[in-house]
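Before any comments, here is the structure.
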Amino acid sequence: MKKILTSKMSFFFVAVLLLWLKSYLIYVNEFNLDIKNGMQEFLLFFNPLSSALVFLGFALFAKGKRAGIWIIIIDALMSILIYANVVFYRFNNDYITLPTLTQTDNFGSLGGSIASLIQGTDIIYALDIVILIALFMWFKKGWSTERISRRKPILVLIIGLIAFSFNLGLAEADRPELLKRTFDRNYIVKYLGIYNFAIYDAVQNIKSSSQRVLADSDDITEVENYTKNKYAEPNPELFGVAKGKNIIKIHLESFQSFLINYELHGEEVTPFINSLINDPEQDFTYFDNFFHQTEQGKTADAELITDNSIYGLPQGSAFVTRGTNTYQALPAILHQQQGYTSANFHGDYKSFWNRDEVYKQFGIDVYFDASYYNMSEENVINYGLLDKPFFEESIPMLESLDEPFYAHLMTLTHHHPYVVPEELATLAPAETGDKSVDTYFQTARYLDEALEMFFNDLKEAGLYDDSVILLYGDHYGISKNHNRAMEELLGEEITPYKNAQLQRVPFIIKVPGVEGMGTVHEFSGQTDMMPTLLHLVGIDAQDYIQFGTDLFSEGHKEIIPFRNGDYITPEYSVVSGTFYNNEGEEIEPTEEMLKTKDEVLRELELSDKLLNGDLLRFYSPNEDWTPVDPSEYRYGNESGVPFQVKQEPEIPLDQRQPYITK
Ligand code: GP9
Ligand code: MN
């Protein structure tokens with residue numbers, strides 16, 4: 001019995017157990033992982049086990065007493081990794097990634113305060129190592145000098161890998177495409193643990209940096225030639241009409257255009273948005289042939305596209321995998337050219353979609369994330385803050401900004417699975433029996449009401465009349481998987497052609513001093529938003545690398561690529577490589593059409609090249625341009641008080657509440 005207790009294998013299992021428990025203790029005490037259900041609870045507890053088995057398991061291949069030493073070394077390294085994350089998290093509310101390690105500025109800001117982040121009680125996190133060393137000293141005399149039979153470590157590794165697969169399987173069931181869509185660091189840590197996160201992060205970074213290393217300054221010329229050739233000159237009547245005006249850009253989560261003027265149970269679903277479109281007095285212009293161009297990055301893709309006029313990546317989210325690239329985004333251009341302050345508003349936490357990193361590259365001055373809002377239980381549903389309190393609380397934040405400002409408010413309640421508390425639902429669900437389709441209309445109605453309240457508040461705050469106000473849908477809300485229910489509601493068959501047509505999302509804009517143009521049928525997409533806005537404020541888009549063209553320009557291009565290579569034109573559509581006329585009938589492509597198809601693919605390829613090679617670092621738009629310095633920005637409200645007034649910008653970066661960034 002004593003022999004069993006003091007054997008090398010027992011020592012190994014004690015190490016596994018201690019590391020497992022310590023990791024769990026840290027998850028619970030140190031990280032805010034936002035556990036939402038029993039499955040996530042279980043996985044949080046379970047996930048350190050496989051890492052402990054696999055990593056420590058390698059030590060068992062060593063000969064004699066050295067196996068024990070290796071167990072201690074590997075254990076210590078894993079402990080350093082998790083503890084470094086604890087310290088980093090206490091300051092940044094985020095985990096260490098390879099880019100944060102290499103961005104010395106980031107660490108510079110941490111450096112001064114590192115001592116204040118270490119607490120006396122942290123000693124408990126080293127206790128397991130002390131225990132292991134003591135046990136090793138004590139028992140090693142009894143250990144044989146032989147290698148353990150290889151079968152044992154191999155079995156341990158196999159068990160570890162099975163445990164990992166089980167873990168990953170359950171994680172993917174709770175959060176489909178967890179690794180592919182690269183949502184959020186918090187998610188990977190919550191589901192797979194901090195050790196697997198470190199590996200995941202390393203793999204992602206090696207992949208992207210190798211492509212970056214291979215790129216050189218010649219590569220940008222090809223992209224530049226292409227976009228400059230596509231550029232459309234501004235409409236002289238509108239160029240500069242909105243110069244110096246505040247811009248309020250409202251992101252309508254998961255909002256598809258079929259909702260507009262749609263009636264359910266004889267009632268309009270979105271009466272307020274409809275009124276903006278149908279009433280010419282409101283001076284809005286609605287583009288009813290406007291398409292989203294997003295892929296797996298969903299909201300993040302929509303943000304990337306609309307603020308940069310480039311495409312997202314075919315896989316994953318460029319916000320995450322290209323989050324440290326150089327960008328020449330709309331917020332930075334507006335700031336440098338016309339002194340705009342830029343701010344994003346969103347009722348989710350800053351690390352989702354890696355926003356807190358990539359926004360720095362975009363030059364976004366302030367990010368009012370969930371930490372600025374009242375996230376009390378009754379205010380939150382599903383992903384985050386309900387749209388009504390979101391808009392309501394955003395008003396004083398908007399008022400606090402220096403003018404002119406470029407404000408981007410991103411709604412959230414109308415997000416899959418489309419749940420709104422019963423007492424807030426003012427429309428009965430549809431009755432197709434497909435739950436997410438049925439409630440889609442209820443959350444759309446809620447968003448519509450929230451928007452009406454917001455517009456009234458804007459008017460009251462004196463921010464309505466003289467601002468550019470625009471609304472856009474980020475991506476589809478109802479996927480192909482719900483075709484049956486959609487067929488019932490739309491009264492027609494949803495063919496692949498029809499599904500492509502359903503990718504219309506609204507683009508609705510009001511420009512002060514410009515009469516609304518009603519419903520405009522120009523074909524357009526999200527890449528067109530940035531050049532349109534630039535021209536409205538009087539900045540020529542020509543200098544910048546952009547794949548879209550100004551919607552109001554005579555030369556605006558009406559070929560609208562989707563990220564998967566499909567595309568839509570006023571005359572015909574290409575869906576999964578098949579050409580369709582506007583009746584949805586298959587057609588034989590002409591030479592011209594085939595040429596256009598190649599052109600679309602080339603455009604997407606160039607955009608990928610731009611992102612994968614981080615080519616904008618080689619490009620200077622004009623002699624006035626100053627590259628954005630990410631170390632000048634910092635986001636997140638650590639005060640614990642929902643929203644506070646502006647602080648003096650002179651306070652050094654590392655001592656500032658991270659709200660004012662410049
Ligand atoms: C989360 C929200 C939703 O912050 O923006 O993102 P989505 O799932 O639509 O990409
Ligand atoms: Mn979205």
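Just so you know, ligand 1 is whichever comes first in the structure, and atom 1 is the first atom listed for that ligand.
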- Hey, is the Mn ion (ligand 2) within less than 2.8 Å of some N/O/S atom on T299? yes
- Item | Residue D348 vicinity, atoms of ligand 1 by number, heavy atom under 4.0 Å | 1 (C), 4 (O)
- Query: Judged by atom type as modelled, is there a donor-acceptor pair below 3.5 Å linking the side chain of N499 to the main-chain atoms of I494?
  - Reply: no
- Query: Is the NZ or CZ atom of K190 both under 6.0 Å from the centre of the six-membered ring of F31 and within 45° of that ring's axis?
  - Reply: no
- Heavy-atom neighbours of K480 NZ exceed 12 at 6.0 Å: no
- Checking heavy atoms under 4.0 Å, the part of T299 that sits near ligand 1 is both
- Item | NZ/K388: more than 12 non-hydrogen atoms of other groups inside 6.0 Å | yes
- Any N/O pair W353/ligand 1 closer than 3.5 Å: yes
- Item | Atoms of ligand 1 close to L412 [distance to a heavy atom under 4.0 angstrom, numbered from 1] | 2 (C)
- Query: Just heavy atoms, cut-off under 4.0 Å: does M410 contact ligand 1 by side chain, backbone, both, or neither?
  - Reply: neither
- Item | Contact atoms of ligand 1, heavy-atom distance to E253 under 4.0 Å | 9 (O)
- Could you see which bit of R355 sits under 4.0 Å from ligand 1, with heavy atoms only: side chain, backbone, both or neither? side chain
- Assess the side chains of D301 and T294: does a donor N or O sit below 3.5 Å from an acceptor N or O? no
- Message: Between N374 and S376, does the side-chain hydrogen bond (donor to acceptor under 3.5 Å, both in side chains) criterion hold? Intermediate values first, please.
- Response: CA-CA 6 Å; N374 174 2; S376 61; 3.2 Å; yes
- Query: With respect to atom 3 (C) of ligand 1, which of H414, Q296, K350, H415 exhibits the smallest heavy-atom separation?
  - Reply: H415
- Using the ring of Y327 (Phe, Tyr or Trp, six-membered ring only), decide whether K360 places NZ or CZ under 6.0 Å from its centre and within 45 degrees of its axis. no
- Note on the structure: Closest to the Mn ion (ligand 2), among the N/O/S atoms of D474, is atom OD2
- Message: At under 4.0 Å between heavy atoms, is it the side chain or the backbone of H475 that contacts ligand 1, or both, or neither?
- Response: side chain
- Item | Opening angle at the Mn ion (ligand 2) [OE1, E253; NE2, H475; to 10 degrees] | 140°
- Message: Within a 6.0 Å radius of atom OH on Y27, are there more than 12 heavy atoms belonging to other residues, nucleotides or ligands?
- Response: yes
